[in-house]
Asks: 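Below you will find the structure I want to go over with you.
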Number of protein chains: 4
Amino acid sequence: MTTQRFGRSPGRPKSAEKSVSTKESVLHAAASLFLQNGFQKVSIDDIAKEAGVTKASVYYYFGSKAELFTETMIAMMKRIREQIAQLLQADTSLYERLLAVAVAHLRSTATFDLEGFMRESRTSLSEEQMEQMRLAEEGMYECVEEAFLQAIQEEDIPEVNARFAAHSFIALVRVGNYRQPDGSFFFETTEEAAAQIMSVFWNGFFSSPAS
Amino acid sequence: MTTQRFGRSPGRPKSAEKSVSTKESVLHAAASLFLQNGFQKVSIDDIAKEAGVTKASVYYYFGSKAELFTETMIAMMKRIREQIAQLLQADTSLYERLLAVAVAHLRSTATFDLEGFMRESRTSLSEEQMEQMRLAEEGMYECVEEAFLQAIQEEDIPEVNARFAAHSFIALVRVGNYRQPDGSFFFETTEEAAAQIMSVFWNGFFSSPAS
Amino acid sequence: MTTQRFGRSPGRPKSAEKSVSTKESVLHAAASLFLQNGFQKVSIDDIAKEAGVTKASVYYYFGSKAELFTETMIAMMKRIREQIAQLLQADTSLYERLLAVAVAHLRSTATFDLEGFMRESRTSLSEEQMEQMRLAEEGMYECVEEAFLQAIQEEDIPEVNARFAAHSFIALVRVGNYRQPDGSFFFETTEEAAAQIMSVFWNGFFSSPAS
Amino acid sequence: MTTQRFGRSPGRPKSAEKSVSTKESVLHAAASLFLQNGFQKVSIDDIAKEAGVTKASVYYYFGSKAELFTETMIAMMKRIREQIAQLLQADTSLYERLLAVAVAHLRSTATFDLEGFMRESRTSLSEEQMEQMRLAEEGMYECVEEAFLQAIQEEDIPEVNARFAAHSFIALVRVGNYRQPDGSFFFETTEEAAAQIMSVFWNGFFSSPAS
DNA sequence: GATGAATGAGCCTTCATTCAT
DNA sequence: AATGAATGAAGGCTCATTCAT
């Protein structure tokens with residue numbers, strides 16, 4: 001009911017000077033927090049605080065938490081996809097290009113693994129938002145798939161199920177990111193991890209079956 | 001690592017008046033709900049309702065939501081682990097035994113992939129609870145790792161990083177569970193999926209490098 | 001995110017001794033506030049405060065603000081209806097019984113006029129809730145209508161549109177409750193108001209047309 | 001009570017570039033929305049959207065929501081009052097003039113009934129704004145009251161409490177606008193409704209008491 | 001004259017948790 | 001063993017209002 005107003009306050013503050021666009025900071029903060037803690041655990045307040053703006057400002061740019069999440073995730077996947085795509089366009093052998101992708105991904109904190117995020121946010125996103133996320137995810141895989149399809153066409157590698165190969169490749173790279181209970185990785189250096197992973201992958205798909 | 005339990009009497013319970021004990025129904029309901037919706041999204045009320053008891057009853061048996069979650073997850077992982085262990089003890093070749101594990105897992109709804117669950121619940125569980133979950137997860141892998149170590153010792157397979165192999169194996173099996181955006185899997189039948197996956201895995205680790 | 005809990009707090013308080021049922025106090029507070037300020041302006045917090053309980057307690061008994069509002073209003077209308085019904089069952093002439101109703105209503109603060117409440121809450125209530133309110137409102141009128149129908153059947157009064165008469169009667173009584181800008185009513189005493197109103201109503205419906 | 005306006009130039013505006021001034025569209029949108037949904041439920045954003053302008057523009061013309069509301073309502077009441085006044089100046093019998101007013105109002109969507117609006121907005125308007133609204137409301141009634149006073153002076157009708165008669169008249173007309181739960185009105189046509197209402201009103205006030 | 005950006009305050013609702021019985 | 005009642009703390013979202021341009 002709160003009948004009387006008092007104090008003075010809402011409204012845009014006198015502001016000092018703009019730096020990075022507010023929207024950008026929000027997206028940035030959201031990405032960081034969502035990535036670390038998942039959808040549910042992160043509150044809009046958390047994001048606002050991290051971005052140094054008010055909750056209402058977040059809502060000025062994003063209609064809902066689900067929307068912000070979707071947008072954030074899709075942006076991230078797009079970025080990953082582009083990075084991969086670029087690495088895969090190098091003028092070297094497929095093996096070397098994949099190796100480069102593996103190295104890059106083992107170094108990044110971003111995650112290929114969206115399954116967890118999808119499951120967690122499933123019931124909170126609209127059907128359309130889920131669809132958009134699925135497509136963005138697929139985009140990352142397709143990008144690797146293309147490389148296989150092209151190599152097959154150019155007869156650099158034998159014919160295989162390219163999509164399955166792409167997913168397997170990424171699944172194996174992800175293994176390299178696994179932290180054991182004591183916090184250590186399987187391999188000492190990123191390079192060694194990438195090398196081993198590539199070796200397994202390549203033999204798995206392109207060597208003649210072990211007799 | 002003697003599986004020492006505490007409290008509640010060992011051996012067969014005296015009577016079975018309540019066909020299913022309240023605690024059991026709660027655990028069951030919790031498992032089902034947590035698995036589907038993750039930690040945060042499931043409320044104690046949800047679980048109580050699903051189990052047909054009151055919220056307070058849940059608290060009678062489990063000190064907190066985190067505790068219930070941990071217990072649930074660990075129980076599930078133990079079950080998976082035992083199932084795997086059993087399949088791996090068959091009196092057949094390693095290849096065949098792994099194939100059986102692959103088939104079994106492709107059929108089950110339970111998930112090997114705990115990363116998502118871990119990330120989501122991370123900040124809500126106590127350090128000890130996290131540790132327990134990590135150990136239980138590790139248990140699942142160890143069980144596969146053992147099989148490799150033994151085969152190596154018996155010189156059935158060349159020497160490889162058994163732990164890395166175990167994780168890779170499971171990662172590949174998980175690929176077989178991936179649903180494409182249109183809802184379909186990569187392979188038509190579970191058997192074909194398992195066969196392909198095993199082929200890739202086996203060649204990857206045990207064939208001589210493709211020249 | 002708010003990781004650590006601190007302080008100690010939720011849960012049922014140690015309590016001293018129960019007095020009136022919590023639910024009752026909430027209903028009472030809600031009736032009083034809604035009646036004075038309408039649906040939108042009253043917050044659940046206001047009601048909780050007025051009832052001396054916490055907001056969460058309100059929700060323990062009522063699923064939503066709309067539900068509480070509906071329940072409150074319907075209860076009030078039922079009470080009014082019963083009061084009217086009782087007065088109309090007296091063993092006197094119809095004229096005298098209506099006069100009694102007029103007096104009673106001019107004295108009460110409760111309102112016959114739900115139109116305002118309906119319009120205000122329209123978009124916030126479910127279709128079903130609106131329907132329930134409409135029925136309860138109708139109940140109040142029907143109760144008066146019955147009296148007319150019966151009187152017609154017993155040939156105490158000529159045949160008229162009983163429903164229209166009931167609504168007109170109540171509309172006129174409401175006029176007696178009108179406060180002029182300076183705060184005063186049209187008539188000095190409740191009795192005089194009732195007498196004048198009844199005279200107008202009765203002549204309006206049951207006198208032979210002024211030639 | 002010279003209708004003294006302030007600021008903005010009197011007389012015909014210089015040009016009509018903007019076919020409808022922004023202020024006008026806002027007032028129009030506000031009237032429509034407030035009338036349908038009441039004060040609280042309508043947001044400035046809603047009004048701005050409906051008017052096709054920005055929220056800030058609304059504030060450019062109106063200092064606050066309460067002010068906009070008051071202005072809107074008063075304008076509406078003035079319009080109603082003028083319409084009534086005009087109909088009441090016709091050169092026919094009082095009975096016929098009132099009948100015309102009844103018909104006109106039964107056809108319009110605008111509401112005589114401001115009680116709901118007043119109650120709802122009461123705590124949000126300043127004392128002065130409330131006063132203005134009350135006066136405007138009173139204006140509508142006064143206009144009818146005048147007609148009675150004049151008729152009394154000219155001995156066309158017996159002496160009655162003119163103010164009470166005016167309110168009663170309007171209350172009865174409002175009954176004709178009542179929608180039953182099934183959505184229908186009491187009478188089939190507007191004309192019949194008006195005729196019945198007038199009959200009741202006229203007999204009520206001007207017939208000799210039913211013996 | 002008009003508007004984009006921003007915000008403080010509040011509101012409805014949910015939830016894990018506790019206590020007395 | 002089980003539960004009904006109660007609550008503090010958030011959390012998502014809306015909104016009137018303000019300021020700089």
Side-chain angles (χ1 to χ4, degrees), chain A residues 1-2 5-15 18 21-23 40-46 48 53-66 68 124, chain B residues 18 21-23 40-48 53-66 68 124, chain C residues 1-2 5-15 18 21-23 40-46 48 53-66 68 124, chain D residues 18 21-23 40-48 53-66 68 124:
Chain A
M1 248 133 56
T2 25
R5 283 239 168 276
F6 56 104
R8 190 61 325 120
S9 24
R12 183 184 189 151
K14 315 259 163 126
S15 100
K18 189 60 59 55
S21 97
T22 299
K23 185 169 184 179
Q40 312 280 352
K41 187 76 183 192
V42 175
S43 77
I44 296 286
D45 256 323
D46 292 334
V53 300
T54 42
K55 208 194 323 198
S57 293
V58 175
Y59 277 96
Y60 181 75
Y61 290 103
F62 304 92
S64 70
K65 188 185 178 186
L68 173 54
S124 304
Chain B
K18 293 267 170 59
S21 81
T22 297
K23 184 170 183 176
Q40 312 280 354
K41 186 79 182 192
V42 175
S43 78
I44 297 287
D45 257 322
D46 292 338
I47 294 171
V53 301
T54 50
K55 194 167 25 171
S57 293
V58 175
Y59 275 91
Y60 181 75
Y61 288 106
F62 303 91
S64 70
K65 187 185 178 186
L68 172 54
S124 305
Chain C
M1 244 134 57
T2 25
R5 283 239 167 279
F6 56 103
R8 191 56 331 115
S9 24
R12 184 184 188 151
K14 314 260 166 124
S15 99
K18 189 60 58 52
S21 97
T22 299
K23 186 170 183 178
Q40 312 280 354
K41 187 77 183 194
V42 176
S43 79
I44 296 286
D45 255 324
D46 292 333
V53 301
T54 40
K55 209 197 315 201
S57 293
V58 175
Y59 276 95
Y60 181 75
Y61 290 103
F62 303 92
S64 70
K65 188 185 178 185
L68 173 54
S124 305
Chain D
K18 293 266 170 62
S21 82
T22 297
K23 184 169 184 178
Q40 311 281 352
K41 187 77 183 191
V42 175
S43 77
I44 297 287
D45 256 321
D46 293 337
I47 295 171
V53 302
T54 51
K55 195 167 24 170
S57 293
V58 175
Y59 275 92
Y60 181 76
Y61 288 104
F62 304 91
S64 72
K65 187 185 178 186
L68 172 53
S124 304

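Naming convention: chains lettered A, B, ... in sequence-line order (proteins, then strands); numbering from 1 in each chain.
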Asks: I want to verify a distance call: between F/dT7, F/dT3, F/dA16, whose nearest atom is closest to the B/Val53 side chain?
Replies: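 In terms of side-chain proximity for B/Val53, the closest of F/dT7, F/dT3, F/dA16 is F/dT3.
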Asks: Just N and O in the side chain of A/Tyr60: are any of them under 4.0 Å from OP1 or OP2 of E/dA5?
Replies: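 For E/dA5, OP1 or OP2 has a side-chain N or O of A/Tyr60 closer than 4.0 Å.
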Asks: Mind listing the closest non-hydrogen atom pair of D/Ala48 and D/Val58 along with its distance?
Replies: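 In this case the closest contact between D/Ala48 and D/Val58 is CB-CG2, 4.0 Å.
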Asks: Let me know the distance between CZ of B/Phe62 and P of E/dT18, rounded to the nearest Å.
Replies: 16 Å
Asks: Does a side-chain N or O from B/Ser57 land closer than 4.0 Å to OP1 or OP2 of F/dT3, or not?
Replies: yes
Asks: Could you pick out which residue, D/Thr54 or B/Lys41, lies toward the 5' side of DNA chain E when each is mapped onto its nearest nucleotide?
Replies: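 That would be D/Thr54.
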Asks: Return the value, rounded to whole Å, for the distance between atom CD of A/Gln40 and atom P of E/dA16.
Replies: 12 Å
Asks: When you get a sec, tell me which of E/dG1, E/dG4, E/dT13 is the closest nucleotide to the side chain of C/Lys65?
Replies: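 Of all the options, the side chain of C/Lys65 is nearest to E/dT13.
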Asks: Report yes if at least one side-chain N or O of A/Thr22 is closer than 4.0 Å to OP1 or OP2 of E/dA5; otherwise report no.
Replies: no
Asks: Are B/Phe62 and B/Lys23 close enough that some pair of their side-chain heavy atoms sits under 4.5 Å apart?
Replies: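 Yes - at least one pair of side-chain heavy atoms lies under 4.5 Å apart.
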Asks: Can you tell me the Watson-Crick or wobble partner of F/dT17, both distances under 3.5 angstrom?
Replies: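 Partner of F/dT17: E/dA6.
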Asks: Could you tell me how far apart B/Asp45 (CG) and E/dA16 (C1') are, to the nearest whole angstrom?
Replies: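 About 9 Å, once rounded to whole Å.
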Asks: Determine whether C/Ser43 and C/Lys55 make a side-chain contact, defined as any pair of heavy atoms from C-beta on separated by less than 4.5 Å.
Replies: no
Asks: What distance do D/Ser57 atom OG and D/Ile47 atom CD1 have between them, rounded to the nearest 0.5 Å?
Replies: 13.0 Å
Asks: Between A/Ala66 and A/Ser124, what is the shortest heavy-atom contact and its length?
Replies: CB-O, 3.7 Å
Asks: Determine: side-chain N/O of A/Tyr59 to OP1/OP2 of F/dC13, distance under 4.0 Å, yes or no.
Replies: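 It does, given that an N or O in the side chain of A/Tyr59 lies less than 4.0 Å from OP1 or OP2 of F/dC13.
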Asks: When we call it a touch if two heavy atoms are under 4.0 Å apart, what does A/Val58 touch: a base, just sugar-phosphate, or nothing?
Replies: nothing
Asks: Is there a Watson-Crick or G-U wobble partner for F/dA1 with both distances under 3.5 Å, and which nucleotide is it?
Replies: none
Asks: Closest-nucleotide mapping onto DNA chain E: is C/Ile44 or A/Tyr61 further toward the 5' terminus? I mean the 5' end.
Replies: A/Tyr61
Asks: On DNA chain F, compare the nucleotides closest to C/Lys23 and D/Asp46; which residue's is nearer the 5' end?
Replies: C/Lys23
Asks: Does B/Lys55 make a side-chain donor-acceptor contact with the base of F/dT3, cut-off 3.5 Å?
Replies: no
